[in-house]
Amino acid sequence: MSIIDWFAKKEKNISSAERLNIPGDVWVKCTSCSEILFQKDLDSHCKVCSKCGFHFRISPAERIRYIFDHESFVEYDSNVGPVDFLGFFDTESYSDRIRKAQQKFDRNDAIVSGVGSIGSVPVNASIMDFFYMGGSMGSVVGEKITRTIERSIDDLKPVVVFTSSGGARMQEGIMSLMQMAKTSAALERLAEKRVPYISVLCDPTTGGTSASFAILGDVNIAEPGALISFAGPRVIEQTIRQKLPKGFQRAEFLLKHGMVDMVVDRRQLRETLQTLLQALNPHGVLAK
Amino acid sequence: MSIIDWFAKKEKNISSAERLNIPGDVWVKCTSCSEILFQKDLDSHCKVCSKCGFHFRISPAERIRYIFDHESFVEYDSNVGPVDFLGFFDTESYSDRIRKAQQKFDRNDAIVSGVGSIGSVPVNASIMDFFYMGGSMGSVVGEKITRTIERSIDDLKPVVVFTSSGGARMQEGIMSLMQMAKTSAALERLAEKRVPYISVLCDPTTGGTSASFAILGDVNIAEPGALISFAGPRVIEQTIRQKLPKGFQRAEFLLKHGMVDMVVDRRQLRETLQTLLQALNPHGVLAK
Amino acid sequence: MKLLPFEKPLAELYDKIEQLRKLSEEGNIDLSGEILKIEQRAEKLRLEIYKNLNPSQIVQIARHPNRPDSGSLIRLIFDTFIELHGDRLFADDPAIVGGVGTLGAARVVIVGHQKGHDTKENIFRNFGMPNPDGYRKALRLMQMAERFRMPIITFIDTPGAYPGLEAEERGQAEAIARNLREMAGFSVPIISFVIGEGGSGGALGIGVANKLYMLENAVYSVISPEGCASILFRDAKKADVAANAMKITAPEIVKLGVADGIIPEPLGGGHHDWKAVAFEIERAITSDLDIFKSKAESEIKQQRYDKFRKMGVFVS
Amino acid sequence: MKLLPFEKPLAELYDKIEQLRKLSEEGNIDLSGEILKIEQRAEKLRLEIYKNLNPSQIVQIARHPNRPDSGSLIRLIFDTFIELHGDRLFADDPAIVGGVGTLGAARVVIVGHQKGHDTKENIFRNFGMPNPDGYRKALRLMQMAERFRMPIITFIDTPGAYPGLEAEERGQAEAIARNLREMAGFSVPIISFVIGEGGSGGALGIGVANKLYMLENAVYSVISPEGCASILFRDAKKADVAANAMKITAPEIVKLGVADGIIPEPLGGGHHDWKAVAFEIERAITSDLDIFKSKAESEIKQQRYDKFRKMGVFVS
Ligand SMILES: [Zn+2]
Ligand SMILES: [Zn+2]
């Protein structure tokens, strides 16, 4: 649905940061305030603009580096890959799209799962990747999220999921819709086991992803400015035939409307997660 | 709280119907449309104006006659009576108020409890009486509601409560507030036993009564035009300093706002209750 | 009754028959031979048309203004029904109907999307597009079903959840997601029927069922063909191509393992005979309830979980 | 610090002492004898005033603008605290604060009414009068506590639930009632503190606890003294009489069996020393959590039920 935005913006800048015309790629311009930032500084600030606080979209690798304890993250299920089982062809075949994306990202699909620790708290985690086909949720994303949850149903570690997704992957038709039910059902089982689940909603989290595991955290944390919506802004504007107010469907808006618990700066996220997980987890160290 | 309305209106007409100046009391004027109604006709229409549908406030005895199967109702707990344990004195002592009300109504307090059947479906029931001290909830009302629920926890018959109350009985201080918790706690146990509870909200149901058992029905049925509110209209007008819209806090308003399931004409209530109870009750005849 | 575009040739033949009949009567001429011939041709054409419907034609049937709606089907199917209202939180959403009913000795809770048959009704029902309040009403009723051990029957018929400003404010995503999770946890059986349009998350929001049936001319899709066309094909007019590509018809949904069976409709579509549709649905409900009656609660829950757990196609 | 009306005589003595000190310094005269005498008189008066407070004076202390608020007490009491927001339905109500925290090895969920200390804060916090969204936020957090087996600590401090138009529309009565029922069903212990004003159903909405404590100068009543006066006494100015008649002070609430104990405050009221108040509350929490730790879940639930079940005075 609101994957529409990803497609619309595709030709423009969806890369993590606008590269400047300086050899060596050491300088980057902030998308929000146009400040020229030193690439290395930006990285040491978790890709948050030190001037305006703008949160750049980041890759799973970067997120792992910023959030998880050094070298604690071990990937799982990297072998799970997509299939063009409908023989879907729009302007291009789904098979080709998959092949190209896999080549570009050297990864099977728009998600990385694994086990790691955050401030010494062990968790099972999944991290979505908006750069990979708009973070769209097909069978692979659904399966890998579900397996992450199932690992926690077994080992009782908390689950942390970082979402970033335009919604369902239309090229997998109804099967992509079913991933919403599959992942949500797994979360029901997780809750029965009294294992905490924290959802970190990153820019953007829309469509079917928002209406399933992304919003179902025991605690929902949003990154500042993240677009979080079921229907995309464009669709709504078409429906109600008027401009949407500024800030509509952004993290801070959702906080005000009671949908997320916190809007947390990425630079404080690690610490927040650690404190939260320790307080919540009935199977953790504090509880023993 | 919103028992304020009862006190304010006390001097005016709060009797079930305005008596006309004709000997024999056989004619009654409709409070709403001023139609002159034959007392006996009115009674055969469950005290609903045949012209405009206005629902007169009725006594527990009348309600039992209109809703329950003929001679099926057996009263319980009639011996439970109020005590002036705070030695409360406002313009009059609570003791005196109790004594006068008991004399006038030949009943201990503002509620009748018992067991009966509605269309052959056996139920435990309580029926509140607004005429008795504004249907205010003190220890006796709370205790009798709780006992009715407890009987159902034991015998698994559905519970039906007809509410009509201005709220908590201030003369019993904090103890009247605690009745909200006591009755609601009993309903939690009832739900654990999977026994249905139907709340019939009659005019008026306000204050502490509305914010406890009255609104907690598995199904909430309201009588047409019934005032149902937590804060009374007058208090709200004072707070927001403007007139309230017409129909605010009336049964139909609550239906629109999702708080009651149905607004049912008293003349159809018996049948509706019967059908509902049969469908809902996992311990009933249909379920066997 | 509104004629669908692909029914035009058939309509022309019927018109001709009508004209001949009139002529025959007025002119007192015997045209029965000619009439019979055209009638035979019409019958042949009719069978041909309806046997070879393409996905976008089926979409048209699924959206036919006279398609049987949830409320009507409920009243045709069940012996008793009492509609209940409200989410106990904010509103009563007319785009979702629900209540308690009985069917023989079975006590059930019924929930469905509700469309209208004319403009006025459709505006009131918001064209069957629920706000969050609708999903929350559905959830409240289903939770009641769980409490009183009543099987849940749902009727799916929506273009999708309403993409409105206030719907987003009140948490459309949250409302749908919560239903998905909660429905997965119920220990009473859930039987769902896609009776018309099964549009996206708005459909699934009351569709996490133990058994899912497609009506013969119902469709179920992750996004409307129009939406898919405008995003993926960059051309909203390619809806028919998108409808085809997404595999949204009853046989395809069954083949993908998402639906468990198809409920037959009268030739030409359910709008020609609501009672026939109701009868077939009733049969499916009765038969399934009979099966579920002998199953333990844990088994019912497990079966539903397993059903959704295995959905997805991937390599590993 | 705002002086309460009944503190005026004391203030006058303090003023006099201050004047004498100044005089003594400026004039270089020895007035220490006089000063000491007045100081002794002041001390005697102070003890007298605060030992014989009448209910309406206690109401004034309970409402003192510098009275320690929930948010501040939470941060003083707990080792870690993370505030969580929102009811996941409609809004985040600033009149209720809540979140998860730790106290030693204990993991807890904390919920409280939140007042402000100045006009701006009070407007933002709606003077501690929650909308339905506030009660629903509280419920969501408490349900999370139940899921993760965390004891619940609540701080009660409200004039009452907000009597607003939209609050009624969104079901103030429903929100409070649901909390009463749900809190009765939890199997984790609930410990509540009336830290200031315990106003009516709006207070009880987070107060169905296993253990309820009154701060020494807190009040708990079915209706505000002003409300009671204007209804029963037909004169809003008789609030002091009503405050007396309703039995709303800590010792009276304990005597009636509604509260289980009194948390001592520094002389003159908690607003003179927040840390001292926090310390006393922390002690009560720690001690109770220790006791509850050894109790079975069913026992905890039963104890809470029994506590409320026996509330009421009647003949039979
Ligand atoms: Zn910047
Ligand atoms: Zn009338």
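Please read these numbers as outputs of a predicted model, since none were measured by experiment.
- Ranked by non-hydrogen atom pairs under 4.5 Å with chain C, the options A/Val140, A/Thr146, A/Asn108, A/Asp77 are led by A/Thr146.
- Using a 4.0 Å cut-off between charged nitrogen and carboxylate oxygen, A/Lys144 and A/Asp109 do not count as a salt-bridge pair.
- Rounded to the nearest 0.5 Å, atoms CE (C/Met183) and OG1 (C/Thr154) are 5.5 Å apart.
- Of the charged side-chain nitrogens involved, at least one lies within less than 4.0 Å of a carboxylate oxygen, so that A/Glu143 and A/Lys182 count as a salt-bridged pair.
- Options C/Cys228, C/Ser316, C/Gly205, C/Ser224 differ in how many heavy-atom pairs under 4.5 Å they form with chain A, and the most are formed by C/Ser316.
- Ranking A/Gly87, A/Gly138, A/Gly258, A/Ser212 against chain C, the residue ahead of the rest is A/Ser212, based on heavy-atom pairs under 4.5 Å.
- Distance OG1/A/Thr209 to CZ/A/Phe130: 10.5 Å, rounded to 0.5 Å.
- Contact annotation for C/Tyr305: only side-chain heavy atoms (C-beta onward) come within less than 4.5 Å of a heavy atom of chain A.
- Put simply, of A/Phe85, A/Phe253, A/Phe89, the one with the most heavy-atom pairs under 4.5 Å next to chain C is A/Phe85.
- In this structure, the side chain of C/Arg304 engages the main chain of C/Val188 through a donor-acceptor pair within 3.5 Å.
- Looking at A/Met259, only its side chain comes within 4.5 Å of chain C, counting heavy atoms on both sides.
- Using a 4.0 Å cut-off between charged side-chain N and carboxylate O, C/Lys301 and C/Glu297 make no salt bridge.
- In this structure, chain C has heavy atoms under 4.5 Å from both the backbone and the side chain of A/Ala186.
- Only the side chain of A/Glu192 comes within contact range of chain C, with at least one heavy atom under 4.5 Å from a heavy atom of that chain.
- Using a 4.5 Å cut-off between heavy atoms, C/Val258 touches chain A through its side chain atoms alone.
- With C/Arg140 contributing its side chain and C/Gly86 its backbone, the two residues share a donor-acceptor pair below 3.5 Å.
- Most heavy-atom pairs under 4.5 Å with chain A, from the set C/Glu168, C/Lys238, C/Glu252, C/Lys307: that is C/Glu168.
- Between A/Arg151 and A/Asp154, no side-chain nitrogen of the basic residue sits less than 4.0 Å from a carboxylate oxygen of the acidic one, so the salt-bridge criterion is not met.
- If you measure heavy-atom distances from C/Ile253 to chain A, the contacts under 4.5 Å come from the side chain alone.
- Note: A/Gln179 leads A/Gln242, A/Glu172, A/Gln179 in heavy-atom pairs under 4.5 Å with chain C.
- Contact tally against chain C (heavy-atom pairs below 4.5 Å) for A/Ile215, A/Thr239, A/Leu216: the top residue is A/Leu216.
- Options C/Lys310, C/Lys247, C/Arg309 differ in how many heavy-atom pairs under 4.5 Å they form with chain A, and the most are formed by C/Arg309.
- Most heavy-atom pairs under 4.5 Å with chain A: of the set C/Leu180, C/Ile176, C/Val313, this distinction falls to C/Val313.
- Within 6.0 Å of the CG atom in A/Asp106, the count of heavy atoms belonging to other residues, nucleotides or ligands does not exceed 12.
- Shown here for C/Ala250 and C/Met214, the closest heavy-atom pair between the two residues is CB-CB, 3.6 Å.
- For A/Phe213, no part sits under 4.5 Å from any heavy atom of chain C, backbone or side chain.
- Comparing C/Val208, C/Leu165, C/Leu256 by how many heavy-atom pairs each has under 4.5 Å with chain A, the most go to C/Leu165.
- With chain A as partner, the option from C/Ala177, C/Ser221, C/Ala184 having the largest number of non-hydrogen pairs under 4.5 angstrom is C/Ala177.
- Scanning all heavy atoms of the two residues, the minimum distance from A/Gly142 to A/Met137 falls at N-CG, 4.3 Å.
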